[in-house]
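Every chain is numbered from 1, with letters handed out A, B, ... down the list of sequences. Not measured: the values here are computed from a predicted model.
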2 protein chains.
Amino acid sequence: MRMPATAPSQPGTNPSCQRVNQILGRMGDKWTILTITMLAQQPRRFNELKRLIGGISQQMLTRTLKALERDGMVTRTVHPTVPPQVEYALTALGGSVSLPLIELATWVVDHLDQIEMHRALHDHEADPPRT
Amino acid sequence: MRMPATAPSQPGTNPSCQRVNQILGRMGDKWTILTITMLAQQPRRFNELKRLIGGISQQMLTRTLKALERDGMVTRTVHPTVPPQVEYALTALGGSVSLPLIELATWVVDHLDQIEMHRALHDHEADPPRT
DNA sequence: CAGTATCCCTTCCGATACTG
DNA sequence: CAGTATCGGAAGGGATACTG
């Protein structure tokens, strides 16, 4: 286990919780994780992303991509073609975060049923008593 | 790469995006990830958690723990001692999700500086032009 | 200690309309 | 196609007071 005194990597054991939490907040953007995992497969164009993600508005996709650009996670490349084409791609940083992110998403996919089952069970126990 | 036809684990390549996203939303609760990583180290009591996380209100901690309980991630054990003691611990499911979660949190800790630097740079470029 | 109940403010996010 | 602008509702989340 690596834990140099100068940069504790074990979250929670150090006072950087607040800052970490702030970045984690970005991840929790509702669309960020999905967007990154989409781009992890290959660079994508705007509407292509929109179609793939499904259920996202242009508004939110734009915001998400802007935020990711600001954080240095994605690059935005404009191809001055006849119909304008803009391609989004992950940077090295974005690619590196996509790894743990995909692991997480994969975990969720693999345990979705289990979670939903447990939820149903829990909700059933706390069933509203009939009047 | 394991990808049985019955349960595609590669997120984004299947139509379960919405449901996955919904669970991921739970993770993005702003406090969930931090809470789980805290419990991953060892079981904790309510106020102990509150102190460790820092900056969370009882309200939010209660909500977060309740949600995690509902999802089958944590157990809540009441010890009927003189001052009531309640201990929260990760279930097997919670322990299993803590792995990718800690990886993610660790990634964030390790790249915090880089992200903040990139942000500052980006914001500087987009400096508001003086009137 | 370990919660529950309220209040209130902020941010998120979606829908729609418009532009280059 | 790839955005920007504006609006309004819904949800998230903090502070405080109260309870067993």
Side-chain angles (χ1 to χ4, degrees), chain A residues 17-36 38-39 43-71 74-89 122 126 128, chain B residues 17-18 20-36 38-39 43-71 74-89 122 126 128-129:
Chain A
C17 277
Q18 321 311 322
R19 299 168 73 206
V20 173
N21 205 21
Q22 203 239 314
I23 305 293
L24 286 175
R26 273 256 115 19
M27 303 301 170
D29 252 56
K30 184 176 190 187
W31 298 115
T32 299
I33 296 186
L34 227 38
T35 304
I36 290 183
M38 289 314 199
L39 288 175
R44 307 277 193 186
R45 289 175 47 198
F46 189 85
N47 277 326
E48 185 182 7
L49 270 174
K50 186 168 180 308
R51 219 172 316 111
L52 283 170
I53 295 177
I56 190 175
S57 61
Q58 336 76 307
Q59 172 81 297
M60 287 317 298
L61 184 53
T62 301
R63 284 188 199 181
T64 302
L65 289 169
K66 282 240 166 94
L68 288 176
E69 211 189 334
R70 182 168 102 101
D71 289 350
V74 310
T75 56
R76 176 178 178 275
T77 312
V78 182
H79 299 282
T81 55
V82 185
Q85 279 188 210
V86 182
E87 193 173 71
Y88 292 91
H122 183 96
Chain B
C17 276
Q18 322 310 323
V20 174
N21 206 22
Q22 203 239 312
I23 305 292
L24 286 175
R26 273 256 116 20
M27 303 301 169
D29 251 56
K30 183 176 190 185
W31 297 115
T32 298
I33 296 185
L34 228 39
T35 302
I36 290 183
M38 289 316 198
L39 288 176
R44 308 277 194 184
R45 290 175 45 199
F46 188 86
N47 277 325
E48 185 182 7
L49 270 175
K50 187 170 181 304
R51 219 173 316 111
L52 283 169
I53 296 177
I56 191 175
S57 61
Q58 333 78 304
Q59 172 81 297
M60 287 318 296
L61 183 53
T62 300
R63 283 190 201 177
T64 303
L65 289 170
K66 282 242 166 90
L68 289 175
E69 210 189 335
R70 183 168 102 101
D71 288 351
V74 309
T75 57
R76 177 178 178 275
T77 311
V78 182
H79 299 282
T81 57
V82 187
Q85 280 189 208
V86 182
E87 194 173 73
Y88 291 90
H122 184 96

Min side-chain heavy-atom separation R51(A)-N47(A) under 4.5 Å: yes
Side-chain contact, heavy-atom cut-off 4.5 Å: L65(B) with F46(B)? yes
Is there a residue in residues 75-87 of chain A whose heavy atoms reach under 4.0 Å of DNA chain C, and which residues are they? P84(A)
Within residues 53-64 of chain B or reaching into it, pairs that qualify as side-chain hydrogen bond (donor to acceptor under 3.5 Å, both in side chains) - sequence neighbours excluded: none
Please walk me through it: do I53(B) and W31(B) pass side-chain contact (heavy atoms from CB on, under 4.5 Å)? CA-CA 8 Å; I53(B) 296 177; W31(B) 297 115; 3.7 Å; yes
Under the rule for side chain to side chain contact (heavy atoms under 4.5 Å, CB included), what residues qualify as partners of V82(B), not counting sequence neighbours? none
Side chain to side chain contact (heavy atoms under 4.5 Å, CB included) partners of P43(B), counting only residues at least two apart: E87(B), A89(B)
Residues of residues 56-69 of chain A with a heavy atom under 4.0 Å from any atom of DNA chain D, listed by number, are Q59(A), T62(A), K66(A)
Go through the structure and list residues passing salt bridge (Lys or Arg N to Asp or Glu O under 4.0 Å) with [X], not counting sequence neighbours.
X      : answer
R70(A) : D123(B)
E48(B) : R44(B)
D71(B) : R119(A)

How would you give the extent of chain A contacts on DNA chain D, as first and last nucleotide 5' to 3' within a 4.0 Å heavy-atom cut-off? dC1(D) to dT6(D)
Provide the full list of salt bridge (Lys or Arg N to Asp or Glu O under 4.0 Å) pairs with a residue in residues 20-33 of chain B, sequence neighbours left out, each pair given once. none
Determine which bases of DNA chain C form Watson-Crick or G-U wobble pairs with both distances under 3.5 Å, and write the result as a 5' to 3' dot-bracket string with | for other-strand partners. ||||||||||||||||||||
OP1 or OP2 of dG14(C) versus the side-chain N and O atoms of K30(A): is any pair under 4.0 Å? yes
side-chain hydrogen bond (donor to acceptor under 3.5 Å, both in side chains) partners of R45(B), counting only residues at least two apart: none
L49(A) and side-chain contact (heavy atoms from CB on, under 4.5 Å): which single residue from L61(A), L34(A), I56(A) fits? L61(A)
